[in-house]
Novice: 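Structure provided below as structure tokens; questions to follow.
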Amino acid sequence: MTVRVRFAPSPTGYLHIGGARTALYNWLFARQHGGTFVLRIEDTDRERSTPENVQIILDALRWLGLEWDEGPEVGGPHGPYFQSERGDVYRPHVERLLNEGKAYRCFATPEELEAMREEQKSRGEQPHYDRRGLKLSTQEIEANLAAKMPFVVRFRVPDGSTVIEDRIKGKVEVQNKEVDDFILLRSDDNPTYNFVVCIDDADMRITHVIRGDDHFTNTVKQALMTEALGFERPIYAHIPLIFGPDKKKLSKRHGSVSVLDYREAGYLPEAFTNFLALLGWSFDDKSTLFTGPELIEKFSLEKVSKSPSIFDPAKLDWFGGEYVRQKPTPELTDLALPTLIAAGQIDEATARERRPWIEELVAAFQQRFRRLPELPELTEYFFQSTDAVEYEEKAVQKLQNEGASERLAAYRELLANADFSSTDKLEAEARAFCESQEMKFGQLVHPVRAALSGRIQGPGLFDIVYLLGKDEALARIDRALSLYPVSGKP
RNA sequence: GGCCCCGUCGUCUAGUCAGGUCCAGGACACCGGCCUUUCACGCCGGUAACACGGGUUCAAAUCCCGUCGGGGUCACCA
């Protein structure tokens, strides 16, 4: 049996973290088994579904690297893949179910049903549909139909119980009487979700349904419906939900839950998928870093946790830094360049001309950021004119320490004739200089760093010197010297 | 409330099915230290958990029962 799985989002908003993880697990499962990953858009809610939202979902999936084999924009033999375009495929099934007595009409209005539920509640009963439609005689139905009374079609839930052999949850048995005779065709002639899903999944030859645990109660309905329709039941796997720190289903109020927000925040997609994969799944007691191919090879539904997990942004940050560090510098440069450009630090033409320099700059900071947009915050002073560099308070202190300006001035002379061909040479010369002056290395480094960058932290000092170049380094020292000429008293 | 699911460090988890090798392992976070020109990286170390109560057993995080706690779901939404 060839594995066929699907991800079936509703384009009513962004793709959220939970949906992304569901998509990832489906994709991983398909790739591992050489199967097919189908993307189906469940846009039957015309009010809330928009083409823009569809595009957002596609963008998000592509960013995560989850290419689909069948679905929007790629087509496939089992389309259409937009539920809104599948209207006609459902009608014959409604008729069949009706003829076979597996479904029936109910003429009760929403108001009547509401009243029914209220009454049940007032009697201390659980609200439930009382099968009033089933009690109608053939004559009554004919008369109502002739009178053009609106009706819905309900599924007649059989007696007994339903056992779901869930690949993650294990065996779960539910009494069918817990399930109401749900509606499969609305009075406006539109079929409902629990009905169309069964037909779509069957039409698309879906073998495994992997989705969020919030669908579990639907699963019982769908299993029953699938059986009534005469289709083969897919294998189900329900992934526990992702919670926010308050242990409630992750939602907007927990901050960013949209996948594209994380792209905006500048996380590398590999970091994000690695993080997502491990939210609710683990391979063993040691491994945390997985490449895409490793994930495909090692993923398994059996090792998906049965308990919900809480989204921890701090851990995502760690993954972010980890992937930034292990990314080859040229590639990282390509990825980071747009943020430098967006920050106004460089333009595209200059970036091309100074490509080797940019790569060296990125390399100098590679250990120091986790998200792309953090880079321009760190590199700002490299792109400012000499006079625009601002000195933070602590940097000013470094410049005003006893003897600092004298040491700075002395180093300026050294630098004027220094060999700028490499960071190492600059450092070696500085060290030799300190030794000859019987000066501690740190006494030189700190004021120089302050003079060049206006800051007290950053990459290795000689990376800064080197990246700035001789002219600019001298100019910045001169400026610092003119601003803070007086050292502490002798 | 009914039904269903879940409950190991603050968080993600290994271990639970096949009880002993677990006074519970790893990772993130946090705290200390080392490295060092700062920050970061890296390295070393530390704090920290079997929800509770019974039972079975020579032995229970692991099996059984109960309690408590958390969540999901109960629409002419998907």
Novice: May I ask you to say what A/Val152 touches in the nucleic acid, namely base, sugar-phosphate or nothing, with a heavy-atom cut-off under 4.0 Å?
Specialist: base

Novice: So, A/Tyr381 versus A/Tyr391, ring centres under 6.0 angstrom or not?
Specialist: no

Novice: Rounding to an integer number of angstrom, what distance separates B/G53 and B/C43 when you compare their P atoms?
Specialist: 40 Å

Novice: Under 4.0 Å between any heavy atoms, over every strand shown, what does A/His128 touch: base, sugar-phosphate, or nothing? Just pick one.
Specialist: nothing

Novice: Would one find a side-chain N or O of A/Ser309 under 4.0 angstrom from OP1 or OP2 of B/C12?
Specialist: no

Novice: Is A/Leu279 touching bases, backbone alone, or none of the nucleic acid, heavy atoms closer than 4.0 Å?
Specialist: sugar-phosphate

Novice: From the list B/A40, B/A27, B/U73, which nucleotide is the closest neighbour of the side chain of A/Trp318?
Specialist: B/A27

Novice: Is there side-chain contact between A/Glu114 and A/Glu118, with at least one heavy-atom pair below 4.5 Å?
Specialist: yes

Novice: Could you state the CG-P distance from A/Leu278 to B/U11, rounded to the nearest angstrom?
Specialist: 17 Å

Novice: For atom C1', what is the distance between B/A48 and B/G2, given to the nearest Å?
Specialist: 39 Å

Novice: Could you please name the option among B/C5, B/C6, B/G10 that lies closest to any side-chain atom of A/Pro308?
Specialist: B/C6

Novice: Check whether any side-chain N or O of A/Lys303 sits under 4.0 Å from OP1 or OP2 of B/G15, and answer yes or no.
Specialist: yes

Novice: What is the distance, to the nearest angstrom, from the CG atom on A/Leu316 to the P atom on B/A27?
Specialist: 19 Å

Novice: When you measure from the centre of the six-membered ring of A/Phe216, is the NZ or CZ of A/Lys169 under 6.0 Å away and within 45° of the axis?
Specialist: yes

Novice: Counting side-chain heavy atoms from CB outward, which of B/U38, B/A27, B/G25 is closest to A/Thr288?
Specialist: B/A27

Novice: Please confirm whether any donor atom in the side chain of A/Lys315 sits under 3.5 Å from an acceptor in the base of B/A27, or the reverse.
Specialist: yes

Novice: Under 3.5 Å, is there an N or O donor on one side and an acceptor on the other linking the side chain of A/Arg368 and the base of B/C39?
Specialist: yes

Novice: Suppose we screen for side chain to side chain contact (heavy atoms under 4.5 Å, CB included). Which residues come up paired with A/Asp419, at least two apart in sequence or across chains?
Specialist: A/Ser421, A/Lys425, A/Glu429

Novice: Can you work out whether A/Phe243 or A/Gly458 has the more 5'-proximal nearest nucleotide on RNA chain B?
Specialist: A/Gly458

Novice: Please work out if A/Leu185 contacts a base, only the sugar-phosphate, or nothing of the nucleic acid, heavy-atom cut-off 4.0 Å.
Specialist: nothing

Novice: Provide the distance between the two C1' atoms, one in B/U38 and one in B/G46, to the nearest whole Å.
Specialist: 26 Å

Novice: If you only use heavy atoms from C-beta on, which nucleotide in B/G7, B/A78, B/C5 is closest to the side chain of A/Val172?
Specialist: B/C5

Novice: Specify the separation, in whole Å, of atom CZ of A/Phe365 and atom P of B/A40.
Specialist: 14 Å

Novice: So what does A/Ala108 touch, heavy atoms closer than 4.0 Å: a base, only the sugar-phosphate, or nothing?
Specialist: base

Novice: Looking only at N and O atoms, is any donor in the side chain of A/Thr192 or the base of B/C76 less than 3.5 Å from an acceptor on the other one?
Specialist: no

Novice: Using a strict 4.0 Å threshold on nitrogen-to-oxygen distance, state whether A/Glu392 and A/Lys394 make a salt bridge.
Specialist: no

Novice: For the residue pair A/Tyr262 and A/Tyr267, does the interplanar ring angle fall in the parallel (under 30°), tilted (30 to 60°) or perpendicular (over 60°) class?
Specialist: tilted

Novice: Which part of the nucleic acid does A/Pro127 contact within heavy-atom distance under 4.0 Å: base, sugar-phosphate only, or nothing?
Specialist: nothing

Novice: Go nucleotide by nucleotide along RNA chain B from the 5' end; which of A/Phe283 and A/Tyr193 gets its closest nucleotide reached first?
Specialist: A/Phe283

Novice: Would you say that A/Pro191 contacts A/Val94 through its side chain, given a criterion of any heavy-atom pair below 4.5 Å between the two side chains?
Specialist: no

Novice: Do the side chains of A/Leu250 and A/His16 get nearer than 4.5 Å, heavy atoms only?
Specialist: no

Novice: Taking the side chain of A/Arg325 as its heavy atoms from C-beta onward, which of B/G42, B/C12, B/A75 lies nearest to it?
Specialist: B/G42

Novice: Please measure how far the P atom in B/G7 lies from the corresponding atom in B/C17, and state the result in whole Å.
Specialist: 14 Å

Novice: Ignoring backbone atoms, test whether A/Arg117 places a side-chain nitrogen or oxygen under 4.0 Å from the OP1 or OP2 oxygen of B/C76.
Specialist: yes

Novice: Roughly, in whole Å, what's the span from OH in A/Tyr90 to P in B/C76?
Specialist: 20 Å

Novice: Can you check whether any acceptor in the base of B/A78 is under 3.5 Å from a donor in the side chain of A/Asn218, or vice versa?
Specialist: yes

Novice: Kindly check if the number of other-residue, nucleotide or ligand heavy atoms within 6.0 Å of CD (A/Glu173) is above 12?
Specialist: yes

Novice: Base, sugar-phosphate, or nothing: which does A/Phe311 touch, judged by heavy atoms less than 4.0 Å apart?
Specialist: nothing

Novice: Using a 4.0 Å heavy-atom cut-off across all strands, classify A/Asp317 as base, sugar-phosphate, or nothing.
Specialist: nothing

Novice: Could you check how far CG of A/Asp130 sits from P of B/C74, rounded to whole Å?
Specialist: 19 Å

Novice: C1' atom, B/U21 versus B/A59: distance in rounded Å?
Specialist: 13 Å

Novice: Of the listed nucleotides (B/U37, B/U13, B/A78), which one gets closest to any side-chain atom of A/Thr44?
Specialist: B/A78

Novice: Can you find a donor-acceptor pair, distance only, under 3.5 Å between A/Glu178 side chain and B/G2 base?
Specialist: no

Novice: Whole-Å distance between B/C41 C1' and A/Tyr323 OH?
Specialist: 17 Å

Novice: Touch check for A/Gly321, heavy atoms < 4.0 angstrom, all strands: base, sugar-phosphate only, or nothing?
Specialist: nothing

Novice: Watson-Crick or G-U wobble partner for B/A27, using a 3.5 Å limit on both distances?
Specialist: B/U11

Novice: Check every atom of B/C28, B/U73, B/C76 against the side chain of A/Thr217 and return the nucleotide holding the closest atom.
Specialist: B/U73

Novice: Which nucleotide, in any strand shown, forms a Watson-Crick or G-U wobble pair with B/G20, with both distances under 3.5 Å?
Specialist: B/C58

Novice: Paired with B/U73 by Watson-Crick or G-U wobble geometry, both distances under 3.5 Å: which nucleotide is it?
Specialist: B/G2

Novice: Which value, in whole Å, describes the distance between the P atoms of nucleotides B/G15 and B/A51?
Specialist: 16 Å

Novice: So, is A/Arg211 near the phosphate of B/A78, with a side-chain N or O under 4.0 Å from OP1 or OP2?
Specialist: no

Novice: If you check the A/Asp214 side chain, which of B/U38, B/U73, B/C28 turns out closest?
Specialist: B/U73

Novice: Could you check how far CG of A/Asp213 sits from C1' of B/C4, rounded to whole Å?
Specialist: 9 Å

Novice: For A/Arg371 and B/A40, what is the distance between atoms CZ and P respectively, to the nearest whole Å?
Specialist: 17 Å

Novice: Provide the Watson-Crick or G-U wobble partner of B/G42, both distances under 3.5 Å; none if there is no partner.
Specialist: B/C34

Novice: Closest to the A/Gln367 side chain: B/U37, B/A78, B/C41?
Specialist: B/C41

Novice: Hey, does A/Ser282 reach any base, or is it just sugar-phosphate, or nothing, if we go heavy atoms under 4.0 Å?
Specialist: sugar-phosphate

Novice: What does A/Ile310 touch in the nucleic acid at a heavy-atom separation under 4.0 angstrom: a base, only the sugar-phosphate, or nothing?
Specialist: sugar-phosphate

Novice: Hey, is the side chain of A/Lys169 poking within less than 4.0 Å of OP1 or OP2 on B/C5, counting only N and O atoms?
Specialist: no

Novice: Identify the nucleotide, in any strand shown, that forms a Watson-Crick or G-U wobble pair with B/U67, with both distances under 3.5 Å; if there is none, say none.
Specialist: B/A51

Novice: Mind checking whether A/Phe195 and A/Tyr90 have parallel, tilted or perpendicular rings, split at 30° and 60°?
Specialist: tilted

Novice: Among B/C39, B/G25, B/C76, which is the nearest nucleotide to the side chain of A/Lys286?
Specialist: B/G25

